[in-house]
Amino acid sequence: MRNLVIIGSGCAGNTAAIYAARANLQPLVIAGHEPGGQLSLTTLVENFPGFPEGIDGPVLVDNMKKQAEKFGAEYQHGTVIEADLSRRPFRLNVDGDWVETSVLIVASGASARWLGLESEKKLVGHGVSSCATCDGFFYRDKKIMVIGGGDSAMEEANFLTRFGSEVALVHRRNEFRASKIMLDRARANPKIKFIAPAVVDDIFDADKGYVTAVKLRRPDTGETWIRDVDGFFVAIGHIPNTAVFRGQIELDEEGYIVSKGGAKTSVPGVFHAGDVQDRNYRQAITAAGAGCMAAIEAERFLELEHLPA
Ligand code: NAP
């Protein structure tokens, strides 16, 4: 039986763990299926305050973990495969073993949706990215490609024109899911070249360890061709990691946790932190801030319970 379990070991979960550990709550962090979260998929992080030279994403997140461990947080490998939040203590099934906890912080994040190509997997963090804000800066005067037809793809393509010599926007259909205003803005940007309908068959060059070109195919005619690219940005949506909480915590139509103010969820004693609730900012620093908020709220929640009536 634990005071506090934190699900997720990205920026949000680790920051919650630092704060909770320093408040003597001896939190248990369940690392999740992507230990380290989205930061573990990037290379240099230049926008996290306090690191004028930048810091490697995996190093930053590992430093947070060490910092939390120094104050008594425990980490457990594994994924929550089932949860019972109907009564307290809450019960979590971590790969077959049940853990009970008085209070819970859900910081399980949202995973970027990827195309699913082998070469894409090998080149993530080496020319393949799911975050223009994080990585756009590295492609100054380079050839950039953005995949997707939604608002994120339009926004990222527009943003990336600040850096790239050209931005090719590749979408699998002729129709776009993006809102008219975002689509019109992207279409009016002379640096953005629309390529649609087209799908990505392969990304080169995994052997070299960086992106050099992409093989594209027209789905209607089957015609294929190669286009030189330096930076490849996938903007085809995110999937919040909330499947085990469906029907227990209030989620929106896409599965993001609905906030009930501060870090509160619809279940008293369960708090949210980071991308699992935030579809908007999705930054390391905002996730860290949200982790801090969740830990403070969890601590207050426990404190109030133990006050004499
Ligand atoms: P989205 O609206 O779900 O769009 C995803 C896009 O990716 C779609 O065009 C989809 O194509 C494409 N796609 C999905 N899977 C694919 C695959 N396997 N291969 C190729 N293409 C694939 O996601 P989003 O753009 O991230 O937006 C999510 C939400 O956030 C939306 O509600 C959006 O309005 C909102 N948002 C708002 C703003 C803003 O207002 N500033 C900015 C960003 C996001 P199909 O259309 O063919 O399915």
Side-chain angles (χ1 to χ4, degrees), residues 34 37-38 41-42 47 108-124 127-136 144-162 167-189 192-203 211 214-225 227 229 231-243 250-259 272 274-284 286-287 290:
E34 277 173 349
Q38 299 297 295
L41 303 177
T42 67
N47 54 9
S108 46
S111 305
R113 188 176 280 135
W114 297 100
L115 296 173
L117 301 166
E118 252 333 284
S119 48
E120 176 190 55
K121 209 181 289 173
K122 289 183 182 154
L123 289 164
V124 169
V128 171
S129 169
S130 62
C131 178
T133 316
C134 320
D135 298 327
I144 295 175
M145 182 174 282
V146 176
I147 312 301
D151 282 339
S152 293
M154 301 307 135
E155 193 170 65
E156 301 222 336
N158 262 314
F159 175 75
L160 288 165
T161 58
R162 297 184 199 180
V167 175
L169 191 135
V170 173
H171 179 41
R172 62 186 176 183
R173 296 189 293 142
N174 269 322
E175 300 74 33
F176 287 82
R177 201 179 283 266
S179 53
K180 187 175 177 318
I181 186 166
M182 305 277 284
L183 182 58
D184 287 350
R185 200 174 295 152
R187 283 209 161 115
N189 189 325
I192 299 178
K193 181 179 165 46
F194 278 71
I195 304 177
V199 294
V200 178
D201 272 353
D202 209 354
I203 309 165
V211 172
V214 166
K215 182 180 175 190
L216 296 167
R217 175 171 48 85
R218 272 193 71 128
D220 46 355
T221 62
E223 176 201 352
T224 62
W225 72 102
R227 190 178 173 95
V229 171
F232 184 87
F233 289 81
V234 183
I236 61 173
H238 283 76
I239 307 166
N241 299 314
T242 53
E250 188 180 335
L251 308 176
D252 70 12
E253 67 286 351
E254 284 176 51
Y256 287 90
I257 292 179
V258 175
S259 183
H272 61 72
D275 291 8
V276 74
Q277 178 272 325
D278 168 28
R279 63 168 73 219
N280 199 3
Y281 302 104
R282 297 187 194 133
Q283 299 303 298
T286 50

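What you see below is based on every heavy atom in this structure, not just the backbone, and it leaves out hydrogens, waters and symmetry mates. Start at 1 and go down the list; that is how both ligands and their atoms are numbered. Residue indices begin at 1 and follow the sequence shown.
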**Item:** Check against side chain to side chain donor-acceptor pair (under 3.5 Å), D201 and T224
**Value:** CA-CA 9 Å; D201 272 353; T224 62; over 6 Å; no
**Asked** Is there a ring-ring contact (aromatic ring centres under 6.0 Å, His included) between F194 and H171 once you walk through the steps?
**Response** CA-CA 8 Å; F194 278 71; H171 179 41; 9.3 Å; no
**Worked check of side chain to side chain donor-acceptor pair (under 3.5 Å) between H238 and S111** = CA-CA 5 Å; H238 283 76; S111 305; over 6 Å; no
**Request:** Go through D135 and S129 one step at a time and tell me if the side chain to side chain donor-acceptor pair (under 3.5 Å) criterion holds.
**Result:** CA-CA 7 Å; D135 298 327; S129 169; 2.6 Å; yes
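Atom 41 (N) of ligand 1 has its closest protein heavy atom at E155 OE2, 2.9 Å. In this structure, atom 1 (P) of ligand 1 lies nearest to the protein heavy atom R177 CD, 3.9 Å. Protein heavy atom closest to atom 25 (O) of ligand 1, with residue, atom name and distance, is S152 N, 2.9 Å. Among protein heavy atoms, atom 10 (C) of ligand 1 sits closest to R172 NH2, 3.9 Å. In terms of protein heavy-atom proximity, atom 46 (O) of ligand 1 is closest to R173 NH2, 2.8 Å. Nearest protein heavy-atom neighbour of atom 29 (C) of ligand 1: R279 NH1, 4.2 Å. Of all protein heavy atoms, the one lying nearest to atom 9 (O) of ligand 1 is G149 N, 3.0 Å. The protein non-hydrogen atom at the shortest distance from atom 32 (O) of ligand 1 is E254 OE2, 4.0 Å.
At a 4.0 Å heavy-atom cut-off, ligand 1 touches M182 through the side chain alone. Using a 4.0 Å cut-off between heavy atoms, L115 contacts ligand 1 through its side chain alone, with no backbone atom that close.
At a 4.0 Å cut-off, not a single heavy atom of H238 sits close enough to ligand 1 to count as contact. Distances shorter than 4.0 angstrom do not occur between any heavy atom of M154 and any atom of ligand 1.
Counting all heavy atoms, side chain and backbone alike, W114 lies closest to E120 at CB-OE1, 3.4 Å.
Counting only heavy atoms, the protein gets under 4.0 Å from atom 44 (C) of ligand 1.
A donor-acceptor distance shorter than 3.5 angstrom exists from the side chain of T242 to the backbone of G255, with no hydrogens or angles considered. Judged by distance alone, with hydrogens and angles left aside, the side-chain atoms of R113 form a donor-acceptor pair with the main-chain N or O of I236 at under 3.5 Å.
Exactly one of N174, V170, T221 qualifies for a side-chain contact (heavy atoms from CB on, under 4.5 Å) with P197. That residue is N174.
Within ligand 1, the atoms closer than 4.0 Å to a non-hydrogen atom of G237 are 23 (O), 26 (O), numbered from 1 in the order shown. Short contacts between ligand 1 and D151, defined as distances under 4.0 Å to a heavy atom of the residue, involve ligand atoms 25 (O), 33 (C), 34 (O), 36 (N), 37 (C), 38 (C), 42 (C), 43 (C), 44 (C).
Ion pairing of D252 with R279 is present here, as a side-chain N (NZ or NE/NH1/NH2) and a carboxylate O approach within less than 4.0 Å.
Residue nearest to atom 5 (C) of ligand 1, selected from V170, N174, I236: I236 (by heavy-atom distance).
Applying the ring-ring contact (aromatic ring centres under 6.0 Å, His included) criterion to Y281, with sequence neighbours excluded, gives no partner residue.
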